[in-house]
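Quick notes on the structure that follows.
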Protein chains: 2
Amino acid sequence: MNQVSSFLLRIGLSPFSPDVMDTGTPAAADTSKQPRTERGRRTLRKLLDAAAVEFGERGFHEASISGITARAGTALGSFYTYFDSKEAIFQALVRDMSEAVKVAAREALAEPASALERERAALTAFLRFAAEHKEVYRIIDEAEFVDPESYRQHYETTGARILDRLREGARKGELRADLEEAHAWAIMGMNVFLGLRYAVWGEGDLPAERVAAIAGDLLAKGIAADR
Amino acid sequence: MNQVSSFLLRIGLSPFSPDVMDTGTPAAADTSKQPRTERGRRTLRKLLDAAAVEFGERGFHEASISGITARAGTALGSFYTYFDSKEAIFQALVRDMSEAVKVAAREALAEPASALERERAALTAFLRFAAEHKEVYRIIDEAEFVDPESYRQHYETTGARILDRLREGARKGELRADLEEAHAWAIMGMNVFLGLRYAVWGEGDLPAERVAAIAGDLLAKGIAADR
DNA sequence: AGAAAACTTGAAACCTGGTTCATGTTTCAA
DNA sequence: TTGAAACATGAACCAGGTTTCAAGTTTTCT
């Protein structure tokens, strides 16, 4: 029911870690809301885990605070000890998850390989992660409407990381030298849609490796007929 | 304020055309709701146009029926003469817009060209359309949460059309023979994300042709360094 | 013309669910 | 031990927006 908690357990502890780069939303002085007690930290974590499930299952608007607190096994009122509003917890969740996706990708890129191999590995990891945590996928996607700033930040950051890899590949002479932001976004879009189709919707009609192989090979050679 | 109406004027007349393929949602016996009068058709159209603006500007949940009727210049109660609920008009809108996107793409593919050229042309058209009708983009995207069935149908149909083109290209020997559904989805994802980044978000930092050229060339040759 | 059907109207009923709050319990440091 | 701060509780409050409805007005058809 909550494979989510595994990574939230890891991440959840720092849901309010100061934003590395404050982008617009004042992020509020949530100092007042930070738990000062072990018990408090436990409750906060339960709420975040519960929210991930609730939002993932019912979507932002269908989801209810009482649904979250019920799942968390806390009283309705307790919610407001930790979050100012429904939006606030959603935002915390989105940022944690964005981070979680990033981490998952980074891990997959641990051992060095050719630039093309790396893109394939990254996609495989992403597909596996998405299949494992469909809620994450959904929540980040819904952020486009609930918390546009975080949504934008997520994709801009992700795009920038892809571009970095492309440039690195170009530097090593493995990739073309003229790659730019648009290439990174094209690859990102590819990945996201393949994730939607095969990881989130697909009941595994194509395994992650296969999908990643197809995309990798598309990146390597294009789709034109061999001459 | 409503460049939308132009295409809705065209499409709006048949918002209830029987679904070619009923997919799950019973689509209800909307026979009862079909206008039987010229006046009725006019009002229905006003409501759809207004809804496109309202939903596009405020998103599904922020949008209100009274907002729609106010923009349409009709009474609140009249809304329910034509739609059963907020969801119902949203669905009608999504399906119309899905159709509109399809039409725009078809038009761009009017004159024959090489398979790769066609993909580039399709993307250019899509980017132009998206820039022109950001609301459409947003509404279709939000359907993922408000009306998942229509959302899925939109992308499955679109993906299928792309795949058809790829197969056609393969048949003519211009494209590789091993292209499959995943390739179509990869291309679709590419297009959608480039649309989001450069048509919807971008203030035209890159013109549609340039973006389409980059993507087209990625499809043609891949991103590996020339050997 | 006359009557039925189609359509319009906007006030008000109705619901839902986010948020508040006053009261109690637990934790922790001195 | 003890008091203050942190945290927990859930009934009640409340705003806002969807939906209903009964009473008109316009259109269509014979």
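This structure is a prediction, so every number in the text was calculated from the model and none was measured. In what follows, every heavy atom counts, from backbone to side chain, and hydrogens, waters and symmetry copies are set aside. Letters A, B, ... are given to chains in the order of the sequence lines, protein chains preceding strands, and every chain is numbered from 1.
Both distances falling under 3.5 Å, in either a Watson-Crick or a G-U wobble arrangement, place C:dA30 opposite D:dT1.
Here the nucleotide nearest the side chain of A:Y80, chosen from C:dT20, C:dA11, C:dC7, is C:dT20. For B:R39, the side-chain atoms get nearest to D:dT27 when compared with the rest of C:dT9, D:dT27, D:dC7. Nearest to the side-chain atoms of A:Y82 among the listed nucleotides D:dC7, D:dA11, C:dC7 stands D:dC7.
Taking only side-chain nitrogens and oxygens, A:S64 never comes nearer than 4.0 Å to OP1 or OP2 of C:dG17. Contact annotation: B:S66 does not reach the phosphate of D:dG17 (side-chain N/O to OP1 or OP2, under 4.0 Å). For B:T37, a side-chain nitrogen or oxygen approaches OP1 or OP2 of C:dC7 to under 4.0 Å. In this model, the phosphate group of C:dG18 is not approached by any side-chain N or O of A:S85 to a distance below 4.0 Å at OP1 or OP2. Within the structure, a side-chain polar atom (N or O) of A:R36 is placed less than 4.0 Å from OP1 or OP2 of D:dA6.
Looking at which nucleotide of DNA chain C each of A:R58 and A:S78 is closest to, the 5′-most match is held by A:R58. Along DNA chain D, the nucleotide nearest B:L76 and the nucleotide nearest A:A75 are compared for position; the residue whose nucleotide lies closer to the 5' end is A:A75. Closest-nucleotide positions on DNA chain D for A:F79 and B:R42 were compared, and the one nearer the 5' end corresponds to A:F79.
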Donor-acceptor pairs under 3.5 angstrom involving side-chain atoms of residues 190-197 of chain A: please list them, not counting sequence neighbours.
unit_1 : atom_1 : unit_2 : atom_2 : d
A:R197 : NE     : B:E181 : OE2    : 3.4
A:R197 : NH1    : A:D205 : OD2    : 3.3
A:R197 : NH2    : A:D205 : OD2    : 3.1
A:R197 : NH2    : B:E181 : OE1    : 3.1
A:R197 : NH2    : B:E181 : OE2    : 3.4

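A cation-pi arrangement is present between A:K86 and A:F60 under the rule of less than 6.0 angstrom and at most 45 degrees off the ring axis.
The ring-ring contact (aromatic ring centres under 6.0 Å, His included) test applied to A:Y137 returns no partner, not counting sequence neighbours.
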